[in-house]
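Note sheet for the following structure.
Throughout, protein chains are lettered first and strands after them, A, B, ... in sequence-line order, and every chain is numbered starting at 1. Keep in mind that this is a model prediction, so the values were computed, not measured.
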Protein chains: 2
Amino acid sequence: MDSQIRLKTSTLADTVFDQIRTAIVKGELAPGSKVNEPQLSKQYGISRGPLREAIRRLEGCKLVEITPNVGAKVVSLNLEQAIEIYEIRESLEGLACRLAASRASADDCLKLRELLANHEKQIESENGRLYYQKEGDLDFHYLIVQLSGNTRLFNFLCGELYHLLRLYRVQTSSGPSRPEQAFKEHHQIVDALENQDEELAEILMKRHISGAKNTLINQLNQ
Amino acid sequence: MDSQIRLKTSTLADTVFDQIRTAIVKGELAPGSKVNEPQLSKQYGISRGPLREAIRRLEGCKLVEITPNVGAKVVSLNLEQAIEIYEIRESLEGLACRLAASRASADDCLKLRELLANHEKQIESENGRLYYQKEGDLDFHYLIVQLSGNTRLFNFLCGELYHLLRLYRVQTSSGPSRPEQAFKEHHQIVDALENQDEELAEILMKRHISGAKNTLINQLNQ
DNA sequence: AACAATAGTATTGTTGACAATATGAATAAA
DNA sequence: TTTATTCATATTGTCAACAATACTATTGTT
């Protein structure tokens, strides 16, 4: 009866954690900038106690770095670090895609197709190109990781790594590469999922992400 | 000049975080048990402020789960969750081993051989069998992940996942499987590293970890 | 002018007190 | 006996004040 009331119960530290996290990944809190406790506590209308707990959670997500007696600053990713993240992502999403191939139902695959169709429409529309790069691409990957059935994998990828990637994209204001190519690859991946071809699904996904990684590496070599 | 003094500077929250973490992975704080703030703050002689920050860091490591207005409890892993972790570990250590194969120097490989030789001696000694299983095995993997050169990968595996595995082993008091087999596989892996054979190194490492994973899966099917 | 020392300010670290919520026991009703 | 209800207690959430440290600007010296 009061379950609905219980649901909206949440602590100040948690809500302000969400707020600051979105502020960071949106770039409203600039990468490398200092996290000023008195200022933020005023801004969000809370005391420093719960704010510091929120900052510690952000530290756990690797979104801020804390130096004792100095404070926290918003993390700033350089190219090498971004490549490191892509290496991890390639490996883990390959795993996720393999697991998804063994577990996804026909209905799940249909949902993926619908998702891609929606994105196609968005692309055809005016500023769709931007939309697709910013959010749509992640939606696809998000859903596949969910289909893997590995909850911990989902939490790590969707609760931590993706936020870091969004941060990097905002930081470098990179909305790049190869939307039509990526699109084709997405469909190939769903094909493999439909056929329950685990090996192929993993290979295609790894190759898909490796493409984005190589774009970064080329940037590194100028 | 005062750099040595600076080194010992650390916050209460950080030191007590270390203490509680080791208490958890050693099993001194039982899995599933409640984390009582007044009790712990008394036990460690600090106030609840920094203690709560430490708990939030533990939440970030997935070692405790926090429910608003109820509190934190030490995480308790069931078999399914342990398998999820092993799936992730297999994927990531495969990656680490591949990277290590491309980067490890001859000197690095020598260090690995020495490590294995030391473990052999330990095994031959009385209670060595136990030692090897508990720490020695992780040392080997630890070093390879370090050789991968991917700092983020290192932090995730060695700063989070390994602690969870130790927790599970303590929880199920499992000091199991196939030390002599594992030993042989370790040497094969170093062979591949010496030959800079990235593919083989990755495959061997994944197979090595998959063995432990399958042991768990068999437990699941009884 | 450049560098070192120092004083003042701002920020972080820590604490104890208070408010809000949950837990558990005792009582009352079915 | 079992189920609700109420009350007392314990624990968590939040706050504001104090202590300790780091940062900044000024001064003084070479």
Side-chain angles (χ1 to χ4, degrees), chain A residues 1-21 23-24 29-61 63-76, chain B residues 1-21 23-24 29-61 63-76:
Chain A
M1 192 222 190
D2 62 337
S3 61
Q4 292 173 348
I5 300 173
R6 287 286 283 280
L7 282 179
K8 79 176 174 185
T9 299
S10 98
T11 170
L12 272 185
D14 289 328
T15 58
V16 83
F17 162 79
D18 279 327
Q19 292 176 308
I20 298 180
R21 183 174 61 175
I24 289 178
L29 262 66
S33 67
K34 191 156 167 12
V35 177
N36 190 304
E37 293 182 10
Q39 178 205 323
L40 283 181
S41 76
K42 222 179 253 180
Q43 185 174 330
Y44 291 106
I46 62 172
S47 87
R48 282 177 52 222
L51 175 66
R52 285 172 65 88
E53 293 182 27
I55 292 174
R56 276 267 137 79
R57 282 196 65 188
L58 292 169
E59 183 191 24
C61 298
L63 284 173
V64 304
E65 289 170 348
I66 300 179
T67 310
N69 291 318
V70 174
K73 66 173 192 179
V74 179
V75 77
S76 177
Chain B
M1 192 219 189
D2 61 340
S3 61
Q4 292 173 349
I5 300 174
R6 289 286 283 281
L7 283 180
K8 79 175 174 185
T9 299
S10 101
T11 172
L12 273 186
D14 289 328
T15 57
V16 81
F17 162 79
D18 278 328
Q19 292 176 308
I20 297 180
R21 182 174 62 176
I24 289 178
L29 262 65
S33 67
K34 190 156 169 6
V35 176
N36 190 305
E37 293 182 10
Q39 178 204 322
L40 283 181
S41 75
K42 222 179 251 179
Q43 184 174 330
Y44 290 106
I46 62 171
S47 86
R48 281 177 53 223
L51 175 65
R52 285 172 64 89
E53 292 183 27
I55 292 174
R56 276 268 138 79
R57 282 197 64 186
L58 292 169
E59 182 192 24
C61 298
L63 284 173
V64 304
E65 289 168 350
I66 300 179
T67 310
N69 292 317
V70 175
K73 67 173 192 180
V74 179
V75 76
S76 176

Sugar-phosphate, base or nothing in reach of A/P50, heavy atoms under 4.0 Å: sugar-phosphate

Rounded interatomic separation in angstrom, taking CG from A/L40 and C1' from C/dT11: 13 Å

Residue B/K42 excluded, over 12 heavy atoms near NZ under 6.0 Å: no

Contact under 4.0 Å: A/K34 side-chain N or O vs D/dC23 OP1/OP2: no

Sugar-phosphate only, base, or nothing, as touched by A/G49 at under 4.0 Å among non-hydrogen atoms: nothing

Interatomic distance where CD belongs to B/E37 and P belongs to C/dT14 [whole Å]: 16 Å

Upstream residue (5' side of DNA chain D) when A/T11 and A/N69 are each assigned their closest nucleotide: A/T11

Base partner of D/dT30, which must satisfy Watson-Crick or wobble distances under 3.5 Å: C/dA1

Close side-chain approach of A/N69 to B/T11, heavy-atom, < 4.5 Å: no

Value in whole Å for how far the P atom of D/dC15 lies from CZ of A/R52: 15 Å

Spacing of B/R48 atom CZ relative to C/dT15 atom P, expressed in whole Å: 12 Å

Distance, rounded to the nearest Å, where A/K73 contributes NZ and D/dA22 contributes P: 16 Å

Spacing of A/N36 atom CG relative to C/dT9 atom P, expressed in whole Å: 18 Å

Most 5' of A/I46 and B/A72 on DNA chain D, judged by nearest nucleotide: B/A72

Rounded interatomic separation in angstrom, taking CG from A/L51 and P from C/dT11: 13 Å

Least distance between heavy atoms, A/R57 atom then A/D14 atom: NH1-OD1, 2.8 Å

Minimal non-hydrogen separation, B/V74 against B/A30, with atom names: CB-O, 3.4 Å

A/L12 CG - D/dC15 C1' separation (whole Å): 11 Å

Heavy-atom side-chain proximity of A/V75 to A/I24 below 4.5 angstrom: no

